[in-house]
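In what follows, a single structure is set out as structure tokens and then discussed.
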Amino acid sequence: QVHLVESGGGLVQAGGSLRLSCLASTRTFANYSMGWFRQPPGKQREFVGAISWAGGGTHYAGSVEGRFTISRDNAKNTVYLQMNSLKPEDTAVYYCAANLRGSRYSPMYEYTDWGQGTQVTVSS
């Protein structure tokens with residue numbers, strides 16, 4: 001089991017940027033594909049993007065493509081979500097999740113370990 005802790009959320013104006021971090025407590029972080037998900041107020045949790053364990057390929061939801069970038073630093077057991085050109089509709093609780101040797105295209109239910117989430121609020 002992987003313990004995940006997100007950080008970096010907060011309040012930002014539309015058009016601004018934030019970088020979220022997710023620290024994983026595992027010696028085998030490099031073997032995990034990592035995903036970012038979000039849950040807007042009153043809505044279901046949705047996929048934001050993911051980065052694969054092998055090669056670091058990425059995949060994004062259409063709503064964030066070109067604005068958000070996922071990266072990882074295996075030496076630091078950390079995955080990042082750089083969010084630029086933020087919009088009010090990006091307001092949500094953001095979660096990172098781990099998927100052992102999964103694909104960056106894996107569905108949500110294949111992610112076995114989840115963080116507690118961090119709030120991102122974008123004001124108009």
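- When all heavy atoms of Pro88 and Ser124 are compared, the pair lying nearest together is CG-CB, 3.8 Å.
- With sequence neighbours excluded, the residues that form a ring-ring contact (aromatic ring centres under 6.0 Å, His included) with Trp114 are Phe37.
- Phe47 CZ to Trp36 CH2: the interatomic distance, rounded to the nearest 0.5 Å, is 12.5 Å.
- For Glu46, the salt bridge (charged side-chain N to carboxylate O under 4.0 Å, His left out) criterion is met by Arg38, not counting sequence neighbours.
- Residues meeting the side-chain hydrogen bond (donor to acceptor under 3.5 Å, both in side chains) test with Thr26, sequence neighbours left out: Thr28.
- Summarising the geometry, atom SG belonging to Cys96 is positioned 12.5 Å from atom CD1 belonging to Ile51; distances are rounded to the nearest 0.5 Å.
- The same ILVMFWY cluster, assembled from side-chain heavy atoms under 4.5 Å apart, contains both Met108 and Val93.
- Expressed to the nearest 0.5 Å, how far OG1 of Thr58 lies from CZ of Arg72 amounts to 11.5 Å.
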Distance-only criterion, 3.5 Å: show the donor-acceptor pairs between side-chain atoms of residues 7-24 and protein atoms not counting sequence neighbours.
{"from": "Ser17", "atom 1": "OG", "to": "Asn84", "atom 2": "OD1", "distance (Å)": "2.9"}

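- Residues passing the side-chain contact (heavy atoms from CB on, under 4.5 Å) test with Ser106, sequence neighbours excluded: Asn99, Ser103, Glu110, Tyr111.
- Judged as a ring pair (Phe, Tyr, Trp, His ring centres under 6.0 Å), the pairs with a partner in residues 91-110 (not counting sequence neighbours) are, in order, His59-Tyr105.
- The shortest non-hydrogen separation linking Phe29 to Val79 is CZ-N, 4.1 Å.
- In this structure Arg104 satisfies the side-chain hydrogen bond (donor to acceptor under 3.5 Å, both in side chains) test with no other residue, sequence neighbours excluded.
- Judged as a side-chain contact (heavy atoms from CB on, under 4.5 Å), and not counting sequence neighbours, the contacts of Ala98 are Leu4, Tyr32, Met34, Asp113.
- Partners of Gln39 under the side-chain hydrogen bond (donor to acceptor under 3.5 Å, both in side chains) rule, at least two apart in sequence or in another chain, do not exist in this structure.
- Checked by atom type and distance alone, the side chain of Gln116 never pairs as donor or acceptor with a backbone atom of Val5 at under 3.5 Å.
- In this structure a side-chain-to-backbone donor-acceptor pair under 3.5 Å is present from Ser52 to Gly57.
- At most 12 heavy atoms of other shown residues, nucleotides or ligands fall within 6.0 angstrom of atom CD in Gln1.
- In terms of the salt bridge (charged side-chain N to carboxylate O under 4.0 Å, His left out) criterion, residue partners of Arg67 (sequence neighbours excluded) are, by chain and number, Asp90.
- Partners of Thr121 according to the side-chain hydrogen bond (donor to acceptor under 3.5 Å, both in side chains) rule, which considers only residues two or more places apart in sequence or in another chain, are Gln119.
- Grouped by direct or indirect side-chain proximity (heavy atoms under 4.5 Å, Ile/Leu/Val/Met/Phe/Trp/Tyr only), Tyr80 sits alone.
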